[in-house]
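First up is the structure itself, then whatever we jot down about it.
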Amino acid sequence: MSGCALNEKEFFSCCQLLLQQSEHLRDGWSWEAVQVRRPLNLDLDEQPGPVVATRFHSDGITGDGGDEDDAVCVLSEGSSHVLQYEYHILYSCSYSAPVLYFRAFTLEGRSLMLEDVWSSVHPNFRHCLQNSPLTAITQQEHPLLGQPFFMLHPCRTEEFMRPVLQEAQEQPR
Amino acid sequence: MADDKDVLRDVWFGRIPTCFTLNQDEVTEREAEAYYLLLPRVSYLTLVTDKVKKHFLKVMRAEDVEEMWFEYEGTPLKWHYPIGVLFDLHASNSVLPWSITVHFKNFPDQDLLHCPSSSVIEAHFMSSIKEADALKHKSQVVNDMQKKDHKQLWMGLQNDKFDQFWAMNRKLMEYPTEEGGFRYIPFRIYQAMSDRPFIQKLFRPVSPEGNAYTLGDLLKEMYPAAITNDAHL
């Protein structure tokens with residue numbers, strides 16, 4: 001495996017594949033083309049990229065979370081908080097790699113803090129994030145929306161994806 | 001780069017005279033006086049305002065104090081932008097000193113990133129340095145530097161030490177002349193009236209024919225609306 005470097009065209013076609021899969025699974029990914037309003041002229045301008053995919057995932061915690069896919073994270077066992085996660089995949093032309101941005105809210109609209117995010121990371125991934133945690137998941141400004149999101153550092157994308165990709169290669173579906 | 005030393009020093013030592021006033025809705029035990037400070041353009045708000053915090057904490061009770069944040073004319077100020085960028089974006093047309101309002105409550109977490117410690121500022125700064133080097137040198141220079149070199153870069157910024165900073169930064173600013181310069185130019189065009197924080201795209205320093213591009217060429221390509229018909233660059 002030569003790493004996660006993708007050019008923008010490759011990223012675009014991978015997104016199309018993801019969207020096809022998502023249609024089958026009905027798990028909610030969508031393609032959001034970005035419209036940028038230029039301040040100095042008032043026409044809306046369609047941008048060819050960067051590109052975004054979004055997914056809302058509601059998650060009730062009480063015990064039957066085990067059957068859900070591995071992306072489900074719990075905030076605290078035994079509580080009745082429902083969390084809503086929003087994931088965006090953007091393309092970084094600086095790193096030629098996809099970058100994951102996400103944020104989470106309680107139903108009351110309270111956004112999760114970084115400590116909450118850490119405690120909700122699946123234990124299998126926690127150890128690899130704990131080496132220099134500040135270079136793994138950090139709060140960042142979303143490059144298109146300008147709002148605070150959490151970001152998985154593109155330098156670490158390959159590190160996180162490697163076990164997933166290896167397993168996928170070993171078990172073709 | 002040696003000829004540019006004066007320019008480098010002028011950029012580094014740029015200062016903005018600022019007046020910090022406590023938000024009038026904060027609960028105080030007595031009246032809070034304004035606090036004046038010269039802010040370094042190249043640094044970050046949360047890195048250089050410990051004295052501001054200490055000053056206002058003297059008139060407040062601990063239970064009324066949460067994470068400090070800054071606002072200018074109703075707009076929360078993003079600490080993760082360099083101070084000079086914030087000033088140029090929001091206040092460049094106003095009279096000096098720059099009047100900033102200080103808050104200790106109601107942190108606007110839909111607008112601002114949290115800044116619980118200086119390690120967060122350091123991580124953010126180093127992340128920008130690394131991304132810039134990914135564009136300039138495919139990350140080769142920054143990855144060849146040792147951890148202590150990265151630390152020196154950060155300490156130089158934190159302690160306002162030009163020579164300490166540039167001893168390391170000059171490595172990041174070198175390129176073999178036969179290649180015409182950096183691989184791509186790291187740049188960001190910030191806009192005041194837009195959700196999108198900045199425009200950042202790949203841009204080569206030389207044309208396919210080998211001619212060096214200018215700032216005007218970059219603006220024409222990335223932000224043509226900034227160049228009106230009667231402006232000359």
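Just so we're on the same page: letters track the sequence lines, and every chain starts at 1.
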- [ ] Would you mind checking if Asp88(B) and Arg41(B) are paired as a salt bridge, meaning a charged N to carboxylate O distance below 4.0 Å?
- [x]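 Yes, Arg41(B) and Asp88(B) are salt-bridged.
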Open item on the list: Holding to side-chain hydrogen bond (donor to acceptor under 3.5 Å, both in side chains), I want the full list of residues that pass it with Gln20(A), two or more places apart in sequence or in another chain.
Closed with: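 Gln20(A) satisfies side-chain hydrogen bond (donor to acceptor under 3.5 Å, both in side chains) with no residue once adjacent residues are dropped.
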Open item on the list: So, using side-chain hydrogen bond (donor to acceptor under 3.5 Å, both in side chains) as the criterion, who are the partners of Ser94(A) when residues are at least two apart?
Closed with: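 If we apply the side-chain hydrogen bond (donor to acceptor under 3.5 Å, both in side chains) test to Ser94(A), skipping adjacent residues, the hits are Glu131(B), Gln200(B).
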TODO: Identify which part of Lys138(B) has an atom lying under 4.5 Å from any heavy atom of chain A, answering side chain, backbone, both or neither.
DONE: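 Neither part.
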Open item on the list: Which atoms of Asp109(B) are under 4.5 Å from chain A, going by heavy atoms: the side chain, the backbone, both sets, or neither?
Closed with: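 Answer is both: backbone and side chain atoms of Asp109(B) are under 4.5 Å from chain A.
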Task: Flag for Glu141(A)-Tyr81(B): side-chain donor and acceptor within less than 3.5 Å - done: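 Judged by distance alone, the side chains do pair up.
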Open item on the list: Tell me which of these, His114(B), Met126(B), Glu122(B), has more heavy-atom pairs under 4.5 Å with chain A than the rest.
Closed with: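 Among His114(B), Met126(B), Glu122(B), the one with the most close pairs to chain A is His114(B).
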Open item on the list: I need the residue from Leu202(B), Asp195(B), Leu113(B) with the largest number of non-hydrogen atom pairs under 4.5 Å to chain A.
Closed with: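 Answer, by heavy-atom pair count under 4.5 Å with chain A: Leu113(B).
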